[in-house]
Q: 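The structure follows.
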4 protein chains.
Amino acid sequence: MTPFRVSRRVEFCDTDMACMVHFANFFRFMESAECEFLRSLGLGVHVERAGESFGFPRVSATCDFIKPARFEDVLDIDVTVQRIGKKSVTYGFDFRKAGEPIAKGQVTSACCRVLDGWKLEAFEIPGWYRERIEPYLATAE
Amino acid sequence: MTPFRVSRRVEFCDTDMACMVHFANFFRFMESAECEFLRSLGLGVHVERAGESFGFPRVSATCDFIKPARFEDVLDIDVTVQRIGKKSVTYGFDFRKAGEPIAKGQVTSACCRVLDGWKLEAFEIPGWYRERIEPYLATAE
Amino acid sequence: MTPFRVSRRVEFCDTDMACMVHFANFFRFMESAECEFLRSLGLGVHVERAGESFGFPRVSATCDFIKPARFEDVLDIDVTVQRIGKKSVTYGFDFRKAGEPIAKGQVTSACCRVLDGWKLEAFEIPGWYRERIEPYLATAE
Amino acid sequence: MTPFRVSRRVEFCDTDMACMVHFANFFRFMESAECEFLRSLGLGVHVERAGESFGFPRVSATCDFIKPARFEDVLDIDVTVQRIGKKSVTYGFDFRKAGEPIAKGQVTSACCRVLDGWKLEAFEIPGWYRERIEPYLATAE
């Protein structure tokens, strides 16, 4: 399946004094792309269903920075599902500018039930969630 | 050598609607700890010396999130040097709250000469820079 | 003239633990809307022309917060030019969600020539800049 | 009464490509100073007492930017209480770098009871809250 693609333009406040996007912002961009991907499937990083509330806090995040991104650059971000475990999902993100690789990252989120007072409890990914993201699972290349 | 330690209190704007520090902010915290470490040695992520300007843009960053950090928590961040290559340095960061592990990350920065117009050119880490951070190199455990 | 309108969806990282957009982010949103407005006119907050570099650093910013904005809300932001002085411009911003007022802000930027080393010198707004934004000047109501 | 003073060092990620602190960050700095002020009095922007939960969402914020603040600058921020109304408080903030004025801002927060689902209801500032901040009320000059 072709990856899910979002595009965003680098804003002035995304830059730092080295005249490039501050590296921590790539993680904001990844999360936003993940949310847009999930929204397109009727899902989300926080979902309510049948009286239960689920969240997907991040358990790890990583990014390789290949080339600087500059103010007003339009970045295309391809989102793929790298791995679906029993209780966690790993998403992959490819950042490109006019086809040229800019950065490449991964985020792993754990499925949790949200209890009172924002206490989190690890939980198996519900079937209805899993089956909607499965088609985007990156196949071996 | 004992690691270099900085502490910071979680600010309101560091949190997100899941009532915890937003994961991208751990990368800001790591960079800030790295800068404080370098400053303590008379160095920096941007240094001028003998008419030349050096920078250390990030080439990769990774973080594992172990437990949520909350508003007003005081985080202790231990900084170690994990690896010094010819042209790059890897720093390790251990986040703890009252001794309890919160997160663990790594950032690799490449040494670059800053040319006109913020063009960057990979460059060998100068000897005077290397010899000041070498004592903090994490030894095999 | 009808105001210039941009829309943006509230991202997860825009929120804070009070489950609403953190107030400082409205200032990021205003700047981004201003940049998009200027871009639509072939201008920018940093422009080069005839070998000179101009910038528009902010001299004041203000915002009234009327109702909370939440994760995934789509905010419409109307941009108007409130006042064009000899050396400064004031922009007005109206935030609405599905027509309902959310916030209302103003930003005043000073025209500056950017000299070596990012030194700034107050400068009269060039005629070619002024004449492109003048049509958006809010008329007395 | 002498104002309450906090100091903070400008971090790399606070800067933008104009090599200065991005203007929206001054609002983060103000909030953080306000929180530190309240913490010093045993109060907070979110407090629980006698089974009730109070919050102080911002109703307006304003800042005048006098001189750029740069990476690694140490900013002293003086916090004063400008006005205590029945249901709102206005704080004033003076930013200085080695005595030199950098910026000057104000934030007005409304006292609210936090109901289920983060619904907010305007509420009279409790007496025990008011009497602790009153001594910092700026007197006519």
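Just so it is clear, the values below take in all heavy atoms, side chains as well, and ignore hydrogens, waters and symmetry mates. Everything numeric in this text was worked out from a predicted model, so none of it was measured. Labels below follow one simple rule: chain letters A, B, ... track the order of the sequence lines, proteins then strands, and each chain is numbered from 1.
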Q: In residues 21-34 of chain C, which residues are in contact with chain D at a heavy-atom separation under 4.5 Å?
A: C/H22, C/F23, C/A24, C/F27, C/R28, C/E31
Q: Can you name the ring-ring contact (aromatic ring centres under 6.0 Å, His included) partners of D/F71, sequence neighbours left out?
A: D/F12
Q: Can you say whether C/L120 sits under 4.5 Å from chain D via the side chain, the backbone, both, or neither, judging by heavy atoms?
A: side chain
Q: Among residues 76-98 of chain D, which residues come closer than 4.5 Å to chain C, judged by heavy atom distances?
A: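 Contacts with chain C: none.
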Q: Among residues at least two apart in sequence or on other chains, which ones pass side-chain hydrogen bond (donor to acceptor under 3.5 Å, both in side chains) with C/R113?
A: C/E52, C/E121
